[in-house]
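Before any comments, here is the structure.
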Protein chains: 2
Amino acid sequence: MNSARIDLRAIIKQEGLRYTTQREAVWRELQSSDNHRDAESIYFTLRGRSINISRATVYRTIEILVKYNLVRKLDLGDGRSRFECKLGSGHHDHLICTKCGRIDEFVNDDVEELQKSIAAENNYVLSNHIHQLFGLCENCQNEEDK
Amino acid sequence: MNSARIDLRAIIKQEGLRYTTQREAVWRELQSSDNHRDAESIYFTLRGRSINISRATVYRTIEILVKYNLVRKLDLGDGRSRFECKLGSGHHDHLICTKCGRIDEFVNDDVEELQKSIAAENNYVLSNHIHQLFGLCENCQNEEDK
DNA sequence: CTCCATAATGATAATGAATCTCATCTAATT
DNA sequence: AATTAGATGAGATTCATTATCATTATGGAG
């Protein structure tokens, strides 16, 4: 895998933007931590590490990372956006436990193929999709039994 | 199809709730109009018909309709919830044009089956899902050519 | 290395959807 | 018609996110 710092710096520079400590910090945080992080969590983690950053800058930086396809924005239905680094893992969709909030990822090529035919049948040119399965994860099913 | 007014009144009564003009109006509006309505649009439509109603009541009524499975809540990714009447159409998912906002519906049993196996493989008990395909509709593809 | 234009930041105000509060109103039973 | 608990409306509140704008700092020029 490429060094992420170099990747971002290159892109940032190429666009005539400036490579700042805040932008680097957000990008590192998104790479090093679990996926499905929300902006608030990133904000507090960085503040906790004595990195000067504001919420606005967290959002602004994520916006850039999304724009340059380094980060994917997720809407898991709980009112806040989640973000995941796109390096190091291919496309996947999500299973979400409605009880404990656990998030699992899945990949299914058959579904992807069907999406293409559905789009074709309806004369759409597909750009992306949201596919989320909600239910009870294994642990929470067992909890229900008690 | 059953008379909707009777349906709602019956459910409302059965639950010890009260059948009000506001609740009837929201329900009628959701039935008679296109799907994918948002709360604000319902609010203004009803106000435009000289029906006394507040935003809060629109939201409260929709909450009841969703609870009793008469209405489905949709999140189409534009920051506000949409609602569609569940009478008169079976389960379906959505194709959304990213340019003009057009919304089409699709049904695909193969995908539904695959969702079940994906859930099973991951030891989830499925309760619902979100499946949305984003892209350019036929009209907007043609616009691009010009 | 210093200067400097201007991009980026931070504090805070603003926005917008959705919910909550509470005084007032009204459905519906007696 | 009286009663009472549920329902409503106006407005306040919340929460995530975006906009504003004065201040700061990056990075190329000299």
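In what follows, chains are A, B, ... by sequence order, proteins preceding strands, each numbered from 1. No hydrogens, no waters, no symmetry mates; every other heavy atom, side chains included, goes into these values. What you see is a predicted model; the values in this text were computed from it and never measured.
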### Query
Are there more than 12 heavy atoms of other residues, nucleotides or ligands under 6.0 Å from atom CD of B/Glu63?
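Atom CD in B/Glu63 is not crowded, with 12 or fewer foreign heavy atoms closer than 6.0 Å.
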
### Query
Just wondering, more than 12 heavy atoms not from B/Asp34 lying within 6.0 Å of its CG?
no

### Task
Return yes if some donor-acceptor pair links the side-chain N/O of B/Asp38 with the main-chain N/O of B/Glu40 below 3.5 Å, else return no.
yes

Does [X] place a side-chain N or O at less than 4.0 Å from the phosphate oxygens OP1/OP2 of [N]?
X	N	result
A/Gln22	C/dG10	yes
B/Thr20	C/dA27	no
B/Arg18	C/dT26	no
A/Thr57	C/dG10	yes
B/Ser81	C/dA17	no

### Task
Classify the side chain of B/Arg60 and the base of D/dG9 as holding, or not holding, a donor-acceptor pair under 3.5 Å.
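Such a pair is found, so the answer is yes.
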
[X] [atom1] to [N] [atom2], straight-line distance once rounded to whole Å:
X	N	atom1	atom2	result
B/Arg80	D/dT17	CZ	P	17 Å
B/Phe83	C/dA17	CZ	C1'	10 Å
B/Tyr43	C/dT19	OH	C1'	16 Å
B/Ile51	D/dG9	CD1	P	11 Å
A/Arg37	D/dA16	CZ	P	15 Å
A/Ile12	C/dT6	CD1	C1'	16 Å

Side chain of [X] only, please: which of [options] is the nearest?
X	options	value
A/Lys13	D/dG9, D/dG27, C/dG10	D/dG27
B/Leu17	D/dA7, D/dG9, C/dA18	D/dA7
B/Arg23	C/dA11, D/dG9, D/dT8	D/dT8
A/Tyr19	C/dA7, D/dG27, C/dA28	D/dG27
A/Tyr59	C/dT9, C/dT19, D/dA16	D/dA16

### Lys/Arg N to Asp/Glu carboxylate O, A/Asp75 vs A/Lys73, below 4.0 Å
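Salt bridge between A/Asp75 and A/Lys73, a charged N being under 4.0 Å from a carboxylate O: no.
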
### Message
By the definition side-chain contact (heavy atoms from CB on, under 4.5 Å), identify the one residue from B/Asp104, B/Leu74, B/Asn35 that meets it with B/His94.
### Response
B/Leu74

### Query
When we call it a touch if two heavy atoms are under 4.0 Å apart, what does A/Asn52 touch: a base, just sugar-phosphate, or nothing?
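The answer is sugar-phosphate, as A/Asn52 gets under 4.0 Å only of primed atoms, P, OP1 or OP2.
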
### Summary
Whichever of B/Lys73 and B/Thr21 has the more 5' nearest nucleotide on DNA chain C, that residue is B/Lys73

